[in-house]
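Down below is the structure, laid out as structure tokens.
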Amino acid sequence: MPQDNDLLVQRRANLEALARLGVDLYPRQFDRTDTVTRLVEAHGERPKEALEAERVETRTSGRILAIRSFGKANFLVISDGRSRVQVYVRKDSLPDLDFQVFSLLDLGDFVGVGGHLFRTKTNELTIWASSLTFLAKCLVPLPEKWHGLQDVEIRYRQRYLDLIVTPESGRVFEARSRTLKAIRTFLDARGFLEVETPMMQPVAGGALARPFVTHHNALDMTLYLRIAPELYLKRLLVGGMERVYEINRNFRNEGISTQHNPEFTMLEFYQAYSHYLELMTMTEEMLSEVARAVTGSDQVTFGGETISFAAPFRRLRMREAVAEEASRRIGRGVAESELRDRASARDLARRLGIEIDPGMGPGKITAALFEALWERALVQPTFVYDFPTEVSPLSKQRADDPDTVERFELYAGGFELANAFSELNDPAEQRRRFEQQLAERQKGDAEAHEMDEDYVRALEYGMPPAGGEGVGIDRLVMLLTDSRSIRDVILFPLMRARKE
RNA sequence: GGGCCGGUAGCUCAGUGGUAGAGCAUCGCACUUUUAAUGCGGUGGUCGUGGGUUCGAUCCCCACCCGGCUCACCA
């Protein structure tokens, strides 16, 4: 809570002085003819002569971000949250009351302005005020105008302050909105139906992660915040919805980092009669289209590098990539077959100096080696495909190789962006996979998948062959806005509770 | 959870074992086209919190709180 310092006392005193003038301190309404953004869009580029010949009258409103005062002539800068415009306040152009109101304004107050447009000597679009209406008080001083808000903690905890004083921050969230819109446009155009499935689930399935636990009182029932919508979306495939997608939050009770927020937004889409190779092509089309819609180009700058979302993306088979990089690092030819045997895979990890858990089978080791050897280096969009079955309990095996599933992950900017596979639709095999996961769980893997009997039963009714994919929206927005932390693309990232 | 860095005025930051500093903001005065307006003068601080060492701690030590980066886990 704000302390009782002079700055606060002065602002409250100004508010009381306005009350003594008979001004409504919290008026309900201000009828405006234009937003600031519309004024700037419509007139920002027009030459002085054209503008002044027309004598454009306007009524607009916004928050005061600057006051430059010269006694009887004053300049305000007001913002509608997206754009800013200057207001010229002359004592002899305003009713007396309005000028008295003006003299009681503080930075951050909301005002309504009526007047006509002109350009100053320095050619800045300006409203010559003929009326000034007080709309709301800012009782707390705003961050400094030049350096802005540098304290990242306050930027995240008090996002409204960040949005007031950091225009770039607002642009990130506009880009986020355009990203979501572009994805929906892309999928809607291909006949996908947007659906919503449970966020509270009796079994937290569809991914390998620890869930948040909650409880429903009336049903006396343990529920989990979902870690993925996957199993519900595939139930819809069983039900005959051939193309569905959901864009919504997932919750994972894991660590927090620049790439992880406990709640994050995921796109998942499922397409019947498709498979993972088709999804690679579709992903290339989707991301290049989204990048163009959001940034105007399929070449985006991220962390000083140019990332190209122009198709085609690079493709790497996982075991081949691991064997190749391992060979390079240890100076002898490593065969892919070494990754299929637990003893030789462990030996390889040891030689590479990569730590692995004792319980890991060859598939988990391969995936761990891949992440250690490749993930950071994959700055340009790259499909990594054909994963070990061991780490993919919901994916369909390759017909020619049961240890390998038809799955890919897309990497870009040095992190995982998407995950997709041909969906396993054999209920007997699905049951075996769940049982394998239960065994992992017994061995202490808290992230292993739980048994979901209801899902297996749904598969018994028959699910068409299908491909499905998840795309991390926050990370995609990071790439499209050159944001280095996921917290910069989430309006209110989770922060530790603060002792007040 | 481990490692590293940080927390000083409303904001952005300097700084010192001996009365706490600047710029912006704010207040006063001057100024009718400025734009980081300008000039002059003022106000403003539990130096993150709690202990300890010391004649004396914002500074040194310890613990804790909060944050950032990073490693591990994960998407």
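These numbers were taken from a predicted model, which means no experiment stands behind them. Every chain is numbered from 1 and lettered A, B, ... according to where its sequence line falls, protein lines coming before strand lines.
Classification of the Phe309(A)-Phe313(A) ring pair by plane angle, with boundaries at 30° and 60°, yields perpendicular.
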Check: protein-nucleotides 70-72 of chain B nitrogen or oxygen pairs below 3.5 Å:
from    : atom 1 : to        : atom 2 : distance (Å)
rC71(B) : OP1    : Arg376(A) : NH1    : 3.1
rC71(B) : OP1    : Arg376(A) : NH2    : 3.3
rC71(B) : OP2    : Arg376(A) : NH2    : 3.4

Between the protein and nucleotides 21-24 of chain B, which nitrogen or oxygen pairs come in under 3.5 angstrom?
from    : atom 1 : to        : atom 2 : distance (Å)
rG23(B) : N2     : Glu144(A) : OE2    : 3.4

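rA14(B) and rU8(B) are spaced 10 Å apart, taking the C1' atom of each and rounding to whole Å. Straight-line distance between the P atoms of rC69(B) and rC64(B): roughly 22 Å, to the nearest whole Å. Nucleotides rA9(B) and rU43(B) place their C1' atoms 11 Å apart, quoted to the nearest Å. Of the C1' atoms belonging to rA22(B) and rC61(B), the separation is 31 Å, rounded to the nearest Å. The gap from the C1' atom of rC55(B) to that of rG15(B) amounts to 24 Å, rounded to the nearest Å. Taking the P atom of each, rG44(B) and rG7(B) are spaced 25 Å apart, rounded to whole Å. For the P atom pair drawn from rG45(B) and rG21(B), the interatomic distance equals 14 Å after rounding to whole Å. When the P atom is used for both rC24(B) and rU38(B), the distance is 7 Å, rounded to whole Å.
Within 6.0 Å of the CZ atom in Arg249(A), the count of heavy atoms belonging to other residues, nucleotides or ligands does not exceed 12. For Met495(A), the CE atom sits in a packed shell: over 12 heavy atoms of surrounding residues, nucleotides or ligands are nearer than 6.0 Å.
Nucleotide rC55(B): paired with rG18(B) (Watson-Crick or G-U wobble, both distances less than 3.5 Å). rC4(B) is paired with rG68(B) under the Watson-Crick or G-U wobble criterion, all donor-acceptor distances under 3.5 Å. Nucleotide rA75(B) forms no Watson-Crick or G-U wobble pair with any nucleotide shown, as no partner meets the under 3.5 Å limit on both distances. Pairing partner, rC40(B): rG28(B), with both Watson-Crick or wobble hydrogen-bond distances short of 3.5 Å. Nucleotide rC47(B) has no partner under the Watson-Crick or G-U criteria, as no pair reaches both atom distances under 3.5 Å.
Side-chain atoms of Ser130(A) and Arg59(A) form no donor-acceptor pair, as typed in the model, at a separation below 3.5 Å.
An aromatic stacking contact links Phe75(A) with the base of rU34(B), defined here by ring centres under 5.5 Å apart and ring planes under 30° from parallel.
Between Arg252(A) and Gln86(A), the residue anchored closer to the 5' end of RNA chain B is Gln86(A), taking for each the nucleotide with the nearest heavy atom. Comparing Leu142(A) and Ala66(A) against RNA chain B, the residue whose closest nucleotide sits nearer the 5' end is Leu142(A).
Atom-to-atom, CD of Glu153(A) to C1' of rG48(B) comes out at 11 Å; the value is rounded to the nearest Å. rC69(B) atom C1' lies 13 Å from atom CD of Gln259(A), rounded to whole Å.
When the side-chain nitrogen and oxygen atoms of Arg119(A) are compared with OP1 and OP2 of rU33(B), none of them lie within a distance under 4.0 Å. Between Arg68(A) and rC31(B) there is no side-chain N or O to OP1 or OP2 distance below 4.0 Å.
Under the rule for a ring pair (Phe, Tyr, Trp, His ring centres under 6.0 Å), Phe186(A) has no partner lying at least two apart in sequence or in another chain.
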